Engineer: 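Take this structure first; my questions come after.
Here is how names work: the chains are called A, B, and so on, in the same order as the sequence lines, proteins then strands, and each is numbered from 1. Note that the structure is predicted; figures quoted are calculated from it, not measured.
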There are 2 protein chains.
Amino acid sequence: MKKQVSLQKRKTFRHGDLRNALVTAGLEMARAGGPNAVILREATRQAGVSPNAAYRHFAGQTELLDAVRSACLSRVAAAIEDEMKKYKAGRNPQAFARNSLRAVGMGYLGFAMREPGMFRTAFSVPPPVHSPDPANTASMGLNPFQLLSLALDRMQESGLLSKKDRKNAEYLAWSTVHGLAMLALEGPLHKMPREMVLALGERLVVMVERGLS
Amino acid sequence: MKKQVSLQKRKTFRHGDLRNALVTAGLEMARAGGPNAVILREATRQAGVSPNAAYRHFAGQTELLDAVRSACLSRVAAAIEDEMKKYKAGRNPQAFARNSLRAVGMGYLGFAMREPGMFRTAFSVPPPVHSPDPANTASMGLNPFQLLSLALDRMQESGLLSKKDRKNAEYLAWSTVHGLAMLALEGPLHKMPREMVLALGERLVVMVERGLS
DNA sequence: ACCAGAAAGTGGACACTGTCCACAAGTGGC
DNA sequence: GCCACTTGTGGACAGTGTCCACTTTCTGGT
């Protein structure tokens, strides 16, 4: 239907862009079924190539998953950016700061609700921590964590947060929205309607803002 | 080494307690490697029984995992209870309420740090929501969620929380600690030292307490 | 223009998983 | 003592990740 190009058997022996094709296929599987659903052989099948061909581009299934996770993280970052763009820096820096924080939280949560599979994949197995890996970023060149830091910086600069309270505040804020997202996606709250989750998210952001200082 | 009893080939054709043996084996696998590591065939092997024997007690691997998850949830509840027992209701109900909330948060997080595999298993795939399943509880007969509710009730009763703010507050509080735990276990913070995670946890609980009202 | 060597993909095999089927071995009620 | 029922066995199958030896194609140096 969509990328028929990869299904019709190619004429050339070389695929030309296999690595990308595999990641794309893997991304689709992650979208549909989360990290456990990204399956190496299936990816090669969709790329119209033998299973072992994948090993020319990835050391194994784990590395393929790593690449897919990276792609998922980029999507998360993009969603946050989109949300942040709704607010412009105006004459009230405190309002701007608050809106930034809200945008990060709600962008994060919104993506989790919209693309559960990708979200779960993005935060599944141990990635190499805070690597400033440019592959995880969107157009602003910041990963989700850095976008959050930015929002918190604005809080501090506008006087909403003391220097002391600012320290490590990203972890506190992040935990909050991430936790709600996970509980709603694969935890005990998975039957809660999305609107309610998002409503809780609103309260959560307020709680963070109030509780941080 | 430990439960040799299940390894030496039994004399009777019947195992006698196979279901339990399978869950126990599964629990050990979950402890060591999280939900993905609980493998049906391996459980039967450890129980000294043929793979198919498991199907007399579970419809399939998923059901075995369900049972293991239930057991993990019990452990979480037990850990929270242990933490709560440290504080007794005294002449200051507000302090008691605060301590209860702290106990829930820190008990939860502490267990996550001590038993990452079990914790991840406990909150992995969709369980049947808020079923008051007695299998998930510890000695007080309350599951982790209910223990949290109890702590929040104490907050309200002691006047620390208004009726309006009390509503759905468990979700907000829960999200917070759960999020930190997940980020620390299988998220980008997995290299953060446990002491730091727990220190963040302390701040987090304070933030919740301050932010909820 | 050649041609060696690297890069990319193929085919076959292996061990492992979950699961299905038909069958055997004990057990309990009448 | 028999017979139905539960529990466990054995053999099979498809699907997975991965290793090995092999072939096909591309590329760069002479």
Engineer: Sequence neighbours left out, what passes salt bridge (charged side-chain N to carboxylate O under 4.0 Å, His left out) with A:Asp82? Give chain and number order.
Structural biologist: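 In terms of salt bridge (charged side-chain N to carboxylate O under 4.0 Å, His left out), with neighbours along the sequence ignored, A:Asp82 is linked to A:Lys85.
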Engineer: Could you tell me how far apart B:Arg56 (CZ) and D:dC5 (P) are, to the nearest whole angstrom?
Structural biologist: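 B:Arg56 atom CZ is separated from D:dC5 atom P by 14 Å.
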Engineer: Which residues satisfy the ring pair (Phe, Tyr, Trp, His ring centres under 6.0 Å) test with A:Phe111, sequence neighbours excluded?
Structural biologist: none
Engineer: Tell me every residue that passes side-chain hydrogen bond (donor to acceptor under 3.5 Å, both in side chains) with B:Asn52, counting only those two or more places apart in sequence or in another chain.
Structural biologist: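 Here no residue qualifies.
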Engineer: At under 4.0 Å, does any side-chain N or O of B:Tyr55 touch on OP1 or OP2 of C:dC20?
Structural biologist: no
Engineer: Do A:Arg154 and A:Ser100 have side-chain N/O donor and acceptor atoms under 3.5 Å apart?
Structural biologist: yes
Engineer: Checking A:Arg102 now: which residues fulfil salt bridge (charged side-chain N to carboxylate O under 4.0 Å, His left out) with it, not counting sequence neighbours?
Structural biologist: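 Residues passing salt bridge (charged side-chain N to carboxylate O under 4.0 Å, His left out) with A:Arg102: A:Glu202.
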Engineer: Using atom CG of B:Leu65 as one end and atom P of C:dT17 as the other, report the distance to the nearest whole Å.
Structural biologist: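 After rounding, the gap between these two atoms is 15 Å.
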Engineer: Can you tell me the distance, in whole Å, between the CG atom of A:Asp17 and the P atom of D:dC26?
Structural biologist: 16 Å
Engineer: Got a list of protein N/O to nucleotides 12-16 of chain C N/O distances below 3.5 Å?
Structural biologist:
unit_1	atom_1	unit_2	atom_2	d
C:dG12	O6	A:Asn52	ND2	2.8

Engineer: Can you tell me how far C1' of C:dA25 sits from CG of B:Leu18, to the nearest Å?
Structural biologist: 15 Å
Engineer: Provide, to the nearest angstrom, the distance between the CG atom belonging to B:Leu40 and the C1' atom belonging to D:dG8.
Structural biologist: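 To the nearest whole Å, that distance equals 14 Å.
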Engineer: Test of understanding: with salt bridge (charged side-chain N to carboxylate O under 4.0 Å, His left out), list the residues that count as partners of B:Arg98, not counting sequence neighbours.
Structural biologist: B:Glu209
Engineer: Less than 4.0 angstrom between a side-chain N/O of B:His57 and OP1 or OP2 of D:dG8, yes or no?
Structural biologist: yes
Engineer: To the nearest Å, how far apart are B:Asn36 CG and C:dG18 C1'?
Structural biologist: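 These atoms are roughly 14 Å apart.
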Engineer: If you only use heavy atoms from C-beta on, which nucleotide in C:dG9, D:dT9, D:dG17 is closest to the side chain of B:Val49?
Structural biologist: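 For the B:Val49 side chain, the nearest candidate turns out to be D:dT9.
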Engineer: Expressed in angstrom and rounded to an integer, what is the separation of A:Leu64 atom CG from D:dT18 atom P?
Structural biologist: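 To the nearest whole Å, that distance equals 10 Å.
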